Amino acid sequence: MEHDIGYRITTKLIVNSELEKEVDLICQYLSDLCVNYTTFQNNPKGSGAHYGSQRIRIKGHRGVKTILSQIRDYTLLRRQEVDLLLDEFYPRMDQGFHLEKQGFIEMVKILDEFREIMGRGPRETHSVDYFIEKWDIDPRFLSYIEPTPDDDFIQPALSVGVDSWDFNSKIRPYIAGLVDSKCNLIVTVKKTDDTGVGYRVAIKIRFKTKQDLALLVFDDYCRSLGINATITRSDEESRSDQIALTARDDIEIFLTSLRDYLLVRRDAVDLLLDSILPALENGKHLNRETFPALIAIIDTFRQKAGRGNRAKYTLDYFLNEWDLDPDSVDPIVGTSDDSQIQFRD
């Protein structure tokens, strides 16, 4: 049913994930909050950035407001936007401002401010000016209550670094959340002429974003651990910048610091820290007797880590390439916990 003024305002929150465990955790959290949601497959017959992932959609003011209220104090980069919605937008919605023209325009102004903070720019249609002209309202009679976002909340990272933040309750869980859902944890196998087996194994942690502050927080966290990340800036405004760790020692220090805070990728990180990195340190990747066993463990890691781990060089590839009997690949001490996979000595 349309409002008398002929327009409505709706809000929705969308999460995309290709990690089944992450989807399950989010859905359980929403159920605990009694928030209604829908899930569906992204682009099941097509392609694109979210091809093969699942989408969780929370639609409606009550559900979105409930979630934002719960996570506000744990929000770092988008705290300004969350405060604007919770302190300015939703109180007006609850009081029915959107049901009359002047109040509706006031809410559109807040949404334009929200879009500007998010970096999306003003609306081409349905802007404040659009409604003023359409409804022939004299702007001198509009009394806006200017939102006052809390800029001081994020300012410390721009001046003195993460040491001034509540490290264990804010920064470390935030970085762990990036590792769980946004970072690429990648183990690659490439052909090379400088090893005895003709292949090289490399590990990378990569985070891509268009938010400069996100890169800064990630970099500050790495520096607090005494490790250096590499930042690569994109020449194109439409593309993301990235920060990466590639040195094995740095990756070990970084993931060890976050291990107990991980929810979605804990199994993958345990496998990397407890099996893959020690195997590389012990040279298991340098001879054909143990290389297939390492690839078998890497295949398991790729399944658990998800994003960024689509690969050509799998165990099946090497079984075929080297004409190996699958039963001859016996790399592990069997346990029920994949995180405890180890090589036989």
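Here the structure is a predicted model, which is why all the values come from computation and not from measurement. Because only heavy atoms are used, hydrogens play no part in the values below, and waters and symmetry mates are left out as well, while side chains stay in.
Under the 3.5 Å distance criterion, the side-chain polar atoms of S257 are matched with a main-chain donor or acceptor of F254. Although no hydrogens or angles enter the test, the distance criterion places no donor-acceptor pair under 3.5 Å between the side chain of D250 and the main chain of L245. Judged purely by atom type and a 3.5 angstrom limit, R92 has no side-chain atom pairing as donor or acceptor with the backbone of G103.
Annotation for P91 and L86: closest pair CD-O, 3.2 Å, computed over non-hydrogen atoms. Residues R265 and S181 share a closest heavy-atom pair of NH1-N, 4.5 Å. Counting all heavy atoms, side chain and backbone alike, R62 lies closest to C34 at NH2-O, 2.9 Å. Of all the heavy atoms in H285 and L294, the pair that sits closest is CB-CD2, 3.5 Å. S275 and I297 make their closest contact through CB-CG2, 4.2 Å (heavy atoms, listed as atom of the first residue, atom of the second, distance). Between A214 and L77, the shortest heavy-atom contact is CB-CD1, 3.1 Å.
In this structure R57 satisfies the side chain to side chain donor-acceptor pair (under 3.5 Å) test with no other residue, sequence neighbours excluded. Remark: D219 pairs with R223 by the side chain to side chain donor-acceptor pair (under 3.5 Å) rule, at least two apart or across chains. Partners of Y199 by side chain to side chain donor-acceptor pair (under 3.5 Å), not counting sequence neighbours, listed by chain and number: Y317. Residues forming a ring pair (Phe, Tyr, Trp, His ring centres under 6.0 Å) with F89 (at least two apart in sequence, or on another chain): none. Not counting sequence neighbours, D316 has no partner by the salt bridge (charged side-chain N to carboxylate O under 4.0 Å, His left out) test. Qualifying side chain to side chain donor-acceptor pair (under 3.5 Å) partners for Y90, counting only residues two or more places apart in sequence or in other chains: T11. Every residue meeting the salt bridge (charged side-chain N to carboxylate O under 4.0 Å, His left out) condition with D299, not counting sequence neighbours, appears here in chain and number order: R302. Remark: N287 pairs with E289, T290 by the side chain to side chain contact (heavy atoms under 4.5 Å, CB included) rule, at least two apart or across chains. Partners of D87 by side chain to side chain contact (heavy atoms under 4.5 Å, CB included), not counting sequence neighbours, listed by chain and number: R72, D83.
Surrounding CD of Q211 are more than 12 heavy atoms belonging to other residues, nucleotides or ligands, all under 6.0 Å away. Atom CD of E281 is surrounded by 12 or fewer heavy atoms from other residues, nucleotides or ligands within 6.0 Å. In the displayed structure, Y74 atom OH is contacted under 6.0 Å by at most 12 heavy atoms of other residues, nucleotides or ligands.
Rounding to the nearest 0.5 angstrom, the gap separating the CD atom in Q303 from the CG atom in L271 is 10.0 Å. How far CG of L30 is from CD1 of I67: 5.0 Å, rounded to the nearest 0.5 Å. Considering OG of S224 and CZ of R172, their distance stands at 7.5 Å, rounded to 0.5 Å. Note that NE2 of H61 and OG1 of T66 are 12.5 Å apart. Values are rounded to the nearest 0.5 Å. E18 contributes atom CD, which lies 10.5 Å from atom CD of Q54 (distance to the nearest 0.5 angstrom). Rounding to the nearest 0.5 Å gives a distance of 9.5 Å between NZ of K204 and CD1 of I251.
Comment: R233 engages D241 in a salt bridge, judged by a side-chain N to carboxylate O separation of less than 4.0 angstrom.
Contact check for K65 versus D94: side-chain heavy atoms found under the 4.5 Å cut-off. Inter-residue side-chain proximity for L76 and K170 is flagged as met; some heavy-atom pair is nearer than 4.5 Å. Looking only at side-chain heavy atoms (C-beta outward), I26 and Y37 stay at 4.5 Å or farther from each other. No side-chain heavy atom of N228 sits under 4.5 Å from any side-chain heavy atom of C222.
A ring pair (Phe, Tyr, Trp, His ring centres under 6.0 Å) with F104 is found for one member of F97, F131, Y130 and no other, namely F131. In summary, of the residues considered (L185, V187, I298, I205), a side chain to side chain contact (heavy atoms under 4.5 Å, CB included) with L272 occurs for V187 alone.
Residue pairs meeting the salt bridge (charged side-chain N to carboxylate O under 4.0 Å, His left out) criterion with at least one member in residues 252-263, sequence neighbours excluded, are R259-D270, R259-D274, D260-R266. Counting only residues at least two apart or in different chains, salt bridge (charged side-chain N to carboxylate O under 4.0 Å, His left out) contacts with residues 184-194 comprise D194-R200. Sorted by first and then second residue, the salt bridge (charged side-chain N to carboxylate O under 4.0 Å, His left out) pairs involving residues 126-139 (not counting sequence neighbours) are D138-R140.
Between F291 and W322, the ring planes lie tilted relative to each other; the angle falls in the 30° to 60° range.
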